[in-house]
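Count residues from 1 along the sequence.
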Amino acid sequence: MSKLTAAIALSFCFAASAFAQSWRVSSDQTYGGFKFPESAAYDAKAKVLYVGNFGGEKLAPAEKDGLGYISKVGVNGKIIEERWVPVKGGEAMNKPKGIWIQGDRLWVTDIDAVWIFDTKTKKGRKLALPGVVFANDPAVMGKALYISDNRGDKLVKVEPADFLTAKNPQVTEIFSGIGANPNGVYPSKSGVLYFGGFLAPDKPKSLYALGVSGQIRQISAPLGRIDGLYEMADGSLLYTDWNTSSLSHWTEGAPPKILAAGFKGPADFTVIPGKNEMTVVVPDLVQSQLRFIHLRKQ
């Protein structure tokens with residue numbers, strides 16, 4: 001090993017160590033009242049959460065049964081409005097998965113389609129995604145909405161991202177069939193789109209980065225079945241993993257660190273930021289619960 005390589009490796013170890021030493025779990029609380037929640041998103045403007053529920057009495061993530069809905073939830077874990085959408089008499093929702101919020105717009109995937117809602121008026125629009133079979137996580141980067149198709153092993157984008165009143169929104173395939181099985185997606189501050197793979201317990205997937213020129217780079221070793229993603233201020237990532245039943249932290253060049261374990265189905269989470277602290281709200285899909293994991297900087 002060269003001196004430069006050794007120095008870089010040592011710096012990564014210090015970075016991982018610094019994270020472990022500077023952040024700790026100060027509380028971990030669980031809230032019920034949900035029906036197979038797969039996603040949570042924080043509306044920083046209104047200071048509320050939106051939680052996607054599959055509904056029904058059985059876990060059937062690909063079933064078009066019209067039982068899905070989104071709940072409006074307080075930052076204290078209490079449900080404000082159980083069925084925020086769909087509105088009474090409106091078009092049925094099936095299995096709402098990933099949620100993304102920006103301004104007064106909320107996007108949520110639904111098997112082979114994506115919805116957009118105005119959070120003030122609840123006005124919504126459903127857009128079909130041709131060729132998509134299991135739309136999972138949406139994220140806005142620039143003027144486009146990126147959507148992972150986990151079972152279809154592809155990533156598509158919708159332009160414009162705000163298609164609520166757009167005449168002809170366009171759906172474009174970014175890639176397919178590369179063996180990544182993208183699930184969680186997250187736009188980085190550097191302009192790349194991070195995504196994590198999810199396939200099977202015995203087929204762990206990695207973290208990847210989609211570059212500004214369209215190049216795809218594998219940035220981690222196979223980790224597991226990666227669901228939600230979130231970029232920290234230092235460029236490292238929080239992620240949920242079904243293989244380890246955990247909320248974990250990843251830094252390039254260092255082994256992953258489990259922050260909270262014991263989930264049955266750690267799904268697409270959100271972060272409520274604070275000064276020297278944050279609350280990570282993780283839906284446990286299988287147990288129909290939300291876990292509020294409070295991290296504090298020491």
Do you reckon [X] sits in the same ILVMFWY cluster as [Y], going by side-chain contacts under 4.5 Å, direct or chained?
X    : Y    : result
I101 : V48  : yes
L49  : Y31  : yes
L237 : V192 : yes
V281 : I79  : yes

### Message
Walk me through whether D268 and E38 qualify under side-chain contact (heavy atoms from CB on, under 4.5 Å).
### Response
CA-CA 6 Å; D268 188 24; E38 204 280 341; 4.1 Å; yes
#### Entry: Contacts of Y194 that satisfy ring-ring contact (aromatic ring centres under 6.0 Å, His included) - sequence neighbours left out
none
Quick check: do [X] and [Y] have side-chain heavy atoms less than 4.5 Å from each other?
X    : Y    : result
N243 : P201 : yes
V132 : I147 : no
V108 : Y50  : no
R225 : L199 : no
F36  : S288 : yes
W242 : L285 : yes
I293 : L259 : no
V25  : L295 : yes

### Query
Are K97 and F134 in a cation-pi contact, defined as NZ or CZ under 6.0 Å from the six-membered ring centre and within 45° of the axis?
yes
In Å and rounded to the nearest 0.5 Å, what is the [atom1] to [atom2] distance from [X] to [Y]?
X    : Y    : atom1 : atom2 : result
I116 : K123 : CD1   : NZ    : 10.5 Å
K157 : T172 : NZ    : OG1   : 6.0 Å
T165 : R125 : OG1   : CZ    : 8.0 Å
L229 : L238 : CG    : CG    : 9.5 Å
I216 : L155 : CD1   : CG    : 8.0 Å
T279 : R296 : OG1   : CZ    : 9.0 Å

Any donor-acceptor pair under 3.5 Å linking the side chain of [X] with the backbone of [Y]?
X    : Y    : value
N136 : G98  : no
N53  : V51  : yes
S220 : L207 : yes
D110 : W115 : no
S148 : D137 : yes
R291 : P266 : no
W107 : A161 : yes
S188 : S190 : yes
D149 : V133 : yes
D153 : N181 : yes

Where do [X] and [Y] come nearest, in terms of heavy atoms and distance?
X    : Y    : result
P169 : P160 : CA-CD, 4.2 Å
I99  : A41  : CG2-CB, 3.5 Å
G74  : F292 : O-CZ, 4.3 Å
T270 : Y42  : OG1-N, 3.1 Å
G55  : K95  : O-NZ, 4.0 Å
K205 : G179 : NZ-O, 2.6 Å

### Message
Looking only at side-chain N and O atoms, does Q289 offer a donor or acceptor that is under 3.5 Å from a partner on T30?
### Response
no
### Query
Taking only residues two or more places apart in sequence or in another chain, which ones pass side chain to side chain contact (heavy atoms under 4.5 Å, CB included) with M141?
Y146, P187, L193
### Partners passing side chain to side chain contact (heavy atoms under 4.5 Å, CB included) against D112 (at least two apart in sequence or in another chain)
K64
[X] atom [atom1], neighbour heavy-atom count above 12 within 6.0 Å:
X    : atom1 : result
K122 : NZ    : yes
K189 : NZ    : yes
E57  : CD    : no

### Carboxylate-amine/guanidinium proximity below 4.0 Å for R105 and D118
yes
### Query
Taking 4.0 angstrom as the limit, do K154 and E173 come out as a salt bridge?
yes
#### Entry: Pair W100 and Y186, ring centroids less than 6.0 Å apart
yes
### Query
Using the benzene-type ring in the case of Trp, are the ring centres of Y239 and W250 under 6.0 Å apart?
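Not under 6.0 Å, so no.
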### Query
Do I70 and M93 pass the side-chain contact (heavy atoms from CB on, under 4.5 Å) test, and can you show the C-alpha distance, the side-chain angles, and the key distance before you say yes or no?
CA-CA 9 Å; I70 295 176; M93 184 176 285; 4.1 Å; yes
### Message
For a side-chain contact (heavy atoms from CB on, under 4.5 Å) check, start with the C-alpha distance between K143 and E159, then their side-chain angles and the critical distance, and finish with the verdict.
### Response
CA-CA 7 Å; K143 295 182 179 180; E159 295 173 297; over 6 Å; no
### Query
How are the rings of Y208 and F195 set relative to one another: parallel (under 30°), tilted (30 to 60°) or perpendicular (over 60°)?
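Parallel, since the angle between the ring planes stays under 30°.
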### Task
Tell me, with the steps shown, if L127 and V171 meet side-chain contact (heavy atoms from CB on, under 4.5 Å).
CA-CA 9 Å; L127 179 69; V171 181; 4.2 Å; yes
